Amino acid sequence: MDDILVALRMIVALAAVLGLLLFLSRRLQKAGAKGGSPLDGLLPRKLGRLSVLRPPRSSAPKSARPRPEKITVVARSGIGAKAQLVVAEFGGIRYVLGVTEGGVSVVDTQEAPAGIEDALVDAPDDAAHDDGAERPPLTSVA
């Protein structure tokens with residue numbers, strides 16, 4: 001008779017633990033779907049005073065964070081089966097990059113022309129320089 005009571009007690013305890021896990025997982029899923037903190041779903045609203053224990057959130061709005069600058073590919077030209085010469089612009093500077101399957105290396109740099117919209121995106125090498133415009137010389141990095 002003792003063995004039956006121990007087994008019944010173990011089954012009830014196991015059911016209670018599984019029920020608690022199911023309850024907590026559903027509360028956490030609902031809190032995550034609302035976009036709140038995972039801890040918000042665990043405590044009832046009446047116990048909001050306990051939220052003082054959590055560290056305060058940052059008061060700076062997300063839009064105040066600095067946005068990273070875009071890297072723009074101005075032109076590219078294949079110079080071999082697995083090698084390219086790429087002109088990329090970042091932060092007002094144009095970089096001439098040698099791209100191979102082994103890596104990327106900076107060949108040269110120059111200042112980007114101010115206020116000129118580039119229509120050379122993915123243009124062939126011959127068409128990129130037939131406009132007759134004079135360009136500033138490239139400066140060596142090395």
Side-chain angles (χ1 to χ4, degrees), residues 3-142:
D3 293 337
I4 294 174
L5 289 176
V6 169
L8 186 61
R9 189 173 165 188
M10 182 183 66
I11 291 172
V12 169
L14 181 62
V17 168
L18 290 176
L20 181 65
L21 286 175
L22 183 65
F23 171 76
L24 289 176
S25 70
R26 290 201 179 169
R27 291 282 293 241
L28 289 174
Q29 285 176 353
K30 287 180 183 177
K34 292 179 183 177
S37 169
L39 297 177
D40 291 342
L42 293 177
L43 296 176
R45 290 186 184 127
K46 293 179 181 177
L47 296 177
R49 291 175 285 177
L50 294 178
S51 65
V52 175
L53 299 176
R54 289 188 288 165
R57 293 185 182 170
S58 174
S59 61
K62 290 183 180 180
S63 62
R65 293 181 185 166
R67 302 232 180 214
E69 292 187 40
K70 288 186 177 181
I71 299 173
T72 306
V73 175
V74 178
R76 72 177 68 177
S77 177
I79 55 176
K82 296 181 180 181
Q84 289 184 356
L85 196 61
V86 177
V87 178
E89 185 175 327
F90 177 75
I93 299 175
R94 285 195 177 169
Y95 297 91
V96 180
L97 306 172
V99 181
T100 64
E101 65 180 40
V104 178
S105 58
V106 178
V107 176
D108 251 332
T109 62
Q110 74 177 20
E111 284 189 27
I116 298 175
E117 291 294 322
D118 294 321
L120 304 176
V121 177
D122 294 335
D125 193 38
D126 296 333
H129 300 292
D130 286 344
D131 58 0
E134 197 170 315
R135 289 175 175 68
L138 294 174
T139 58
S140 178
V141 182

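Note that the structure is predicted; figures quoted are calculated from it, not measured.
Considering CD of Glu89 and CD of Gln110, their distance stands at 9.5 Å, rounded to 0.5 Å.
The two atoms that bring Ala88 and Ile71 nearest to each other are CB-CG2, 4.4 Å, heavy atoms only. Minimum heavy-atom separation, Leu97 to Val107: C-CG2, 4.2 Å. Closest non-hydrogen pair, Tyr95 versus Phe90, comes out as CE1-O, 3.9 Å.
Of the candidates Val74, Thr109, Asp108, Val106, Asp108 is the only one forming a side chain to side chain contact (heavy atoms under 4.5 Å, CB included) with Val96.
Residue pairs meeting the salt bridge (Lys or Arg N to Asp or Glu O under 4.0 Å) criterion with at least one partner in residues 4-24, sequence neighbours excluded, are absent.
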Which side-chain N or O atoms in residues 18-25 pair as donor and acceptor under 3.5 Å with protein atoms at least two apart or in another chain?
unit_1: Ser25; atom_1: OG; unit_2: Leu21; atom_2: O; d: 3.4
unit_1: Ser25; atom_1: OG; unit_2: Leu22; atom_2: O; d: 2.9

